[in-house]
Amino acid sequence: MELDKHYSPQLVEDKWYSYWMDNGFFDSTPDEREPYTIVIPPPNVTGVLHMGHMLNNTIQDVLIRKARMEGKNACWVPGTDHASIATEAKVVKMLAEKGIKKLDITREEFLGHAWDWKNKYGGIILDQLKKLGASCDWKRTRFTMEEDLSNAVIDVFIKLYKDGLIYRGTKMVNWDPAGKTTLSDEEVIFKESQSNLYYVTYKFTDHTKETFNNELGGLQVATTRPETIMGDVAICVNPNDERYKSLIGKTVIVPVVNRVVKIIADDYIDIEFGTGCLKVTPAHDENDYKIGEKHNLEIIDVLDDDGRIHERAGAYVGMDRFACRKQIVKDLEEQGIITKSEQIKNTVGHSERTDAVIEKKISTQWFVNMQEYLKRFPQVLSAVMNDEIKFHPVKFKNVYKHWLDNIKDWNISRQLWWGQRIPAWYDEKGNYVVAKTEAEAQKLFRDNAFKAPMSDNSNLIERHVNRDTLNVQHSTDEEHISNPVNLIQDADVLDTWFSSWLWPMSVFDGFKEGDKNDLNYYYPTNDLVTGPDIIFFWVARMIMAGYAFNGQKPFSNVYFTGIVRDKLRRKMSKSLGNSPEPMDLIAKFGADGVRMGMLLSSPAGNDILYDESNVEQGRNFCNKIWNAYRLIAGFQTVADDKVSEAVLASNKLADDWFEMKYQTAVNDILEQFKDYKLSEALMTIYKLIWDDFCSWYLEMVKPVYGQPINESALTQAKNNLEKVLTLLHPFMPFITEELYHELYDGKPMQPMILHAYPTAKGNVSQVDDKALQIISEIRNIRNSKGLSPKMAFELIIKTEQENSYKIWETTIAKLANISEINYNISKPEKCLSSLIGTDEIFIPFAEAIDEVAEMKKMQEELTYLEGFLKSVDAKLNNDRFVANAKPDVIEKEKQKRADALEKMEKLKKSLTQNNN
RNA sequence: GGGGGCUUAGCUCAGCUGGUUCAGAGCAUCUGCCUUACAAGCAGAGGGUCACUGGUUCGAACCCAGUAGCCCCCA
């Protein structure tokens with residue numbers, strides 16, 4: 001069959017993927033073999049495959065395929081995440097486009113639309129992974145919101161609540177006015193921005209003026225958020241600030257609302273910042289809130305859920321917060337109350353999902369008590385620190401520790417509908433219980449096992465907290481409680497990560513009643529491959545869940561990939577349009593080429609700078625392998641006894657030599673795998689195939705044109721191709737499967753995907769290949785002298801180890817185009833010469849030798865060697881070196897000295913001969 | 001403001017506990033080749049005061065201190 005010069009991935013990839021699937025090679029069920037398990041970081045159902053997924057899933061596939069070939073029971077569990085806030089936002093938008101408002105439909109109707117959406121689009125990303133070659137056990141595909149997994153989430157919530165690790169509390173939280181939900185601290189992204197710092201005058205009351213007066217008739221306060229002025233309840237200065245000492249305890253008037261507030265003192269205030277006076281707005285700033293608590297101040301929340309000014313503010317009601325800021329600045333400037341402003345750099349929190357500017361606000365939410373959690377499960381930290389769970393690269397250990405050391409309580413309730421609904425039930429007074437069903441909740445109420453509300457009832461309906469709601473009112477209306485009616489389930493759902501932290505267990509039905517075979521067999525999993533951006537969101541929390549709910553770690557290794565960026569180090573993003581479409585890339589370069597392109601330049605933890613030339617390199621490599629196969633497939637054969645002894649021996653030697661190269665590479669590759677240095681492992685294979693296999697080995701055994709190859713040599717060549725294909729298979733599964741089948745006429749003993757992976761070998765038998773340097777040297781001489789490779793040379797070798805060269809004579813003759821080799825005969829009158837180690841080679845060459853240039857070259861080398869010898873002697877003559885250095889180091893220096901002397905002697909001899 | 005990391009060839013990166021012939025790889029570059037597997041290729045070559053300054057040491061890309069620049073995380 002005539003094979004095309006170019007490999008066409010498009011013709012083979014789908015074929016092999018179906019073949020693997022149809023034969024169930026990706027499937028895994030527990031058996032007596034050692035398991036090897038990876039759970040996929042479940043992509044969001046809203047997502048389409050991006051370059052980050054490509055990298056991440058390629059790495060997982062390499063690991064899982066290698067394990068499978070090593071005879072382990074490899075199980076890679078795929079699935080998707082319901083991505084509460086992202087999906088809800090998407091569905092809301094989709095409905096809005098149809099003219100449907102979320103507020104106008106019921107929760108059930110909304111969820112119906114959401115499920116429709118999920119069923120329609122949720123599987124796209126998984127289908128795209130198949131194009132990449134991902135060998136997931138698709139029969140095990142899970143979804144974080146399917147019934148079993150949702151039940152697990154609810155059960156875990158109830159358990160943690162009973163254990164006192166989950167509580168309902170009123171605290172300052174992050175509010176996303178676009179998503180209309182609270183967020184955990186991790187979901188807030190701080191961005192640096194240019195802001196205006198406005199100087200606002202708070203007029204003194206008459207009483208204050210008596211003791212202190214100035215030109216302004218008031219205190220100047222610097223603020224970046226004038227729209228919260230209506231929530232001001234005090235002015236705070238540093239007690240050590242001489243400027244304001246006499247004012248502490250006096251009063252000023254808040255602009256706009258004309259509220260009279262006190263001037264208080266607190267160490268927290270930075271004397272240097274602004275004017276040294278802080279307007280205290282406890283409802284809208286974490287630090288102000290703390291000051292408010294300390295000084296027992298009122299809390300006036302001036303914003304509503306949409307980020308507009310609330311009636312409570314008493315002015316600018318209904319106005320958007322940013323519009324209000326502009327307006328208030330304009331108005332106060334006109335009144336002469338704002339006298340100046342300056343630009344400053346500060347950081348502003350944004351929602352990770354909606355990018356809206358986050359508002360801090362006080363709200364009643366559900367929290368996980370992290371301090372207590374870590375106290376009960378100290379392994380969460382220790383397991384990572386003592387490498388029971390290994391991070392690759394290790395630098396992330398520090399990041400992890402730092403986060404745990406400063407951890408705050410985890411806000412897990414979200415004001416959304418898409419997600420697991422919080423199993424808390426309230427009566428009309430706001431008393432509540434946590435229970436899986438309404439019936440159980442009723443029973444708990446009957447048993448008086450309820451909690452009194454943190455705040456009054458209105459909080460259930462309207463989530464604002466004003467000063468009244470902070471006064472906790474313990475209900476004592478027992479008569480009412482003993483006859484509960486109309487329980488309402490909490491309207492909120494749980495943070496997405498509160499479900500995905502269970503993923504490594506829940507995908508194996510770890511929380512379900514019934515047999516735990518899968519969990520016991522596959523868990524703890526082996527490797528987790530993910531991005532460092534979710535180390536806190538997900539990695540840390542899976543570790544927490546692992547120890548809390550199973551008493552074991554969730555995985556043994558975490559491989560942190562880098563972030564895929566463009567050539568200019570910019571993140572890939574839709575708005576920049578700098579991200580290639582992965583499916584187009586695969587169509588153009590083939591999945592194998594893309595996989596290689598992604599892997600080549602992505603050491604663990606380093607960002608990868610995506611450049612199409614990497615993918616081209618991958619495609620070119622495929623083509624190289626394809627052509628190596630084409631060469632082998634095209635050989636005509638002849639029986640071994642029909643070729644000369646020399647050819648037989650030469651081919652045998654080539655095989656031994658390649659075996660040495662191969663086994664050395666295998667040993668290196670297995671080490672690199674152990675260290676999770678996948679790009680280095682791939683590079684080692686790349687060089688083994690391109691340089692050692694193609695450029696050297698195949699050239700050694702390739703017969704001259706038109707001649708056949710002897711049968712044993714062909715068999716060896718095929719074996720060697722099989723070996724390198726095997727090594728490469730985890731990285732480039734398609735082409736290796738294709739060629740492996742071709743190699744055995746479509747009927748190999750077993751498919752490549754199940755082929756045994758090579759193992760390390762202690763003693764690699766060495767083949768003396770010093771002589772091969774001659775080939776490079778002669779090519780070099782030809783190149784530098786502009787002599788054609790077609791011109792055959794004679795060669796004279798001066799050496800004490802003739803045999804080192806003799807065994808390679810056939811190869812040297814073929815690859816360097818040498819017609820005759822002689823040993824240790826006298827140097828011809830006119831010749832080109834060179835040193836191979838301490839051996840000399842001469843090429844008789846009568847015409848056109850530039851003797852002056854030759855001499856100059858030798859003289860230069862001699863000069864270098866003299867300098868080199870001097871430095872070696874300096875070491876050896878240094879008593880302290882001889883006294884302190886290790887014996888083997890000294891021995892090496894002595895050897896260097898001897899070699900240098902020998903070379904110098906030969907060069908000197910050549911120089912004098914030429915001079916004669 | 002706190003923590004972590006980085007700075008080695010034009011680019012992207014290796015370089016383990018300091019010690020082989022003046023520091024390695026891939027890509028890119030240059031030179032010569034369409035040599036019957038591959039021009040998506042072959043053969044060869046050039047290219048680096050290892051950020052800077054000082055210190056420790058017989059010996060420093062590697063250890064220590066400081067300086068400069070860059071990146072990430074956290075608040």
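Every chain is numbered from 1, with letters handed out A, B, ... down the list of sequences. Quick note: numbers below take in every heavy atom, side chains included, and nothing from hydrogens, waters or symmetry partners.
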Exercise for review: Take atom C1' in B:G48 and the same atom in B:A43, then report the distance between them in whole Å.
Suggested key: 25 Å

Exercise for review: Taking only the side-chain heavy atoms of A:Glu680 (C-beta and beyond), determine which of B:A43, B:A14, B:G5 contains the nearest atom.
Suggested key: B:A14

Check your understanding: What does A:Arg779 touch in the nucleic acid at a heavy-atom separation under 4.0 angstrom: a base, only the sugar-phosphate, or nothing?
Key -> sugar-phosphate

Study note, to complete from the structure: note: A:Leu609, atom CG; B:C6, atom C1'; distance rounded to Å ~ 14 Å

Point to revise | Distance-only side-chain donor-acceptor flag, A:Ser776 / A:Gln773, under 3.5 Å | key: no

Check your understanding: With no hydrogens and no angle check, do the side chains of A:Asp668 and A:Thr684 hold a donor and an acceptor under 3.5 Å apart?
Key -> no

Review point. Which nucleotide in the list B:U35, B:G41, B:G26 gets nearest to the side chain of A:Lys790?
Key: B:U35

Check your understanding: A:Phe621 and side chain to side chain contact (heavy atoms under 4.5 Å, CB included): which partner among A:Asp592, A:Leu600, A:Ile689?
Key -> A:Ile689

**Study point:** Rounded P spacing from B:A68 to B:U31 in Å
**Key:** 44 Å

Check your understanding: Under 4.0 angstrom, heavy atoms only, what part of the nucleic acid is A:Cys622 near: base, sugar-phosphate, or nothing?
Key -> nothing

Check your understanding: Who is the Watson-Crick or G-U wobble partner of B:U17, with both distances under 3.5 Å?
Key -> none

Check your understanding: When all nucleic acid strands are considered with a 4.0 Å heavy-atom cut-off, which category describes A:Asn398: base, sugar-phosphate, or nothing?
Key -> sugar-phosphate

Check your understanding: Counting side-chain heavy atoms from C-beta on, which of B:G41, B:C73, B:G3 comes nearest to A:Lys624?
Key -> B:G41

Practice item. I would like to know whether A:Asp387 and A:Lys397 meet salt bridge (Lys or Arg N to Asp or Glu O under 4.0 Å); could you show each step before the answer? Key: CA-CA 9 Å; A:Asp387 287 336; A:Lys397 274 166 83 169; 3.1 Å; yes

Check your understanding: So, A:Phe881 and B:C58: ring centres less than 5.5 Å apart, planes less than 30° off, yes or no?
Key -> no

Review point. Across all strands shown, which nucleotide pairs with B:U31 by Watson-Crick or G-U wobble geometry, both distances under 3.5 Å?
Key: B:A43

Exercise for review: Check whether any side-chain nitrogen or oxygen of A:Lys677 sits under 4.0 Å from OP1 or OP2 of B:G15, and answer yes or no.
Suggested key: yes

Review point. Quick one: which of B:U31, B:C38, B:A75 gets closest to the side chain of A:Asn627?
Key: B:C38

Exercise for review: Assign A:Asp899 to base, sugar-phosphate, or nothing according to its heavy-atom contacts below 4.0 angstrom with the strands shown.
Suggested key: base

Exercise for review: Can you tell me, in whole Å, how much space there is between the P of B:A25 and that of B:A9?
Suggested key: 14 Å

Practice item. Report the nucleotide, chosen from B:G26, B:A37, B:G2, that has the shortest atom-to-atom distance to any side-chain atom of A:Ala628. Key: B:A37

Exercise for review: Please confirm whether any donor atom in the side chain of A:Lys5 sits under 3.5 Å from an acceptor in the base of B:C38, or the reverse.
Suggested key: no

Point to revise | A:Ser776 side chain near B:A43 phosphate (N/O to OP1/OP2, under 4.0 Å) | key: no

Exercise for review: Remember a base hit wins even if backbone is also touched, and classify A:Ser784 as base, sugar-phosphate or nothing at under 4.0 Å, heavy atoms.
Suggested key: nothing

Review point. Using a cut-off of 4.0 Å on non-hydrogen atoms, how would the nucleic acid contact of A:Glu671 be classed: base, sugar-phosphate, or nothing?
Key: nothing

Review point. Considering only the C1' atoms, how many Å lie between B:G1 and B:G59, rounded to the nearest integer?
Key: 42 Å

Review point. Which is true for A:Asn780 with a 4.0 Å heavy-atom rule: it touches a base, it touches only sugar-phosphate, or it touches nothing?
Key: sugar-phosphate

Review point. What integer distance in Å separates A:Glu616:CD from B:C38:C1'?
Key: 16 Å

Point to revise | Same-atom distance (C1') from B:U29 to B:G47, integer angstrom | key: 9 Å

Point to revise | Rounded interatomic separation in angstrom, taking CD from A:Gln707 and P from B:U35 | key: 20 Å

Review point. Given that both distances must come in under 3.5 Å, which nucleotide forms a Watson-Crick or G-U wobble pair with B:U67?
Key: B:A51

Review point. A:Ser788 near the nucleic acid: base, sugar-phosphate alone, or nothing, with a heavy-atom cut-off under 4.0 Å?
Key: nothing

Exercise for review: For B:C16 versus B:U7, give the span between their P atoms, rounded off to a whole number of Å.
Suggested key: 12 Å

Check your understanding: B:U36 pairs with which nucleotide, Watson-Crick or G-U wobble, both distances below 3.5 Å?
Key -> none

Practice item. Locate the shortest heavy-atom distance separating A:Leu599 from A:Ser679; write the atom from each residue and the value. Key: O-CB, 3.0 Å

Check your understanding: Can a side chain N or O of A:Asn620 be found less than 4.0 Å away from OP1 or OP2 on B:G41?
Key -> yes

Practice item. Mark yes or no for a side-chain to base donor-acceptor pair under 3.5 Å between A:Gln617 and B:A28, with no hydrogen or angle criteria applied. Key: no

Check your understanding: Heavy atoms under 4.0 Å, any strand shown: does A:Glu893 hit a base, just sugar-phosphate, or nothing?
Key -> sugar-phosphate

Practice item. May I have the distance from A:Glu699 (atom CD) to B:U35 (atom P), rounded to whole angstrom? Key: 14 Å

Review point. Between A:Lys290 and A:Tyr268, is NZ or CZ placed under 6.0 angstrom from the six-membered ring centre and within 45° of the ring axis?
Key: no

Review point. Looking across every strand, which nucleic acid part, if any, lies under 4.0 Å from A:Phe621 by heavy atom: base, sugar-phosphate, or nothing?
Key: nothing

Review point. Taking the side chain as C-beta and beyond, is there a heavy-atom pair between A:Asn627 and A:Arg630 under 4.5 Å?
Key: yes

Study note, to complete from the structure: Of the listed B:G2, B:U57, B:A25, the closest approach to the A:His402 side chain comes from B:G2

Practice item. Check whether any side-chain nitrogen or oxygen of A:Tyr7 sits under 4.0 Å from OP1 or OP2 of B:A37, and answer yes or no. Key: no

Review point. If we call it a pair only when both distances are under 3.5 Å in a Watson-Crick or G-U wobble match, what pairs with B:A25?
Key: B:U12

Review point. Taking the side chain of A:Lys395 as heavy atoms from C-beta outward, which of B:G5, B:A40, B:C42 is closest to it?
Key: B:G5

Review point. Without hydrogens or angle criteria, can the side chains of A:Asp899 and A:Gln895 be said to hold a donor-acceptor pair below 3.5 Å?
Key: yes

Point to revise | Atom-pair distance (CE on A:Met791; P on B:U35), nearest Å | key: 17 Å

Check your understanding: Roughly how far apart, to the nearest Å, are B:G46 and B:A37 at atom P?
Key -> 30 Å

Practice item. Would you indicate what A:Lys687 reaches in the nucleic acid, counting non-hydrogen atoms under 4.0 angstrom: base, sugar-phosphate, or nothing? Key: sugar-phosphate

Review point. Rounding to the closest angstrom, what is the interatomic distance between B:U8 and B:U12 at atom C1'?
Key: 12 Å

Exercise for review: Please state how far atom CD1 in A:Ile534 lies from atom P in B:C73, giving the value in whole angstrom units.
Suggested key: 14 Å

**Study point:** Cation over ring face, A:Arg782 and A:Phe793, 6.0 Å, 45°
**Key:** yes

Check your understanding: Out of B:C42, B:A40, B:C58, which has the shortest distance to the side chain of A:Trp690?
Key -> B:C42

Revision key, fill the gap. In whole angstroms, the gap separating P of B:A40 from CZ of A:Arg630 amounts to 13 Å

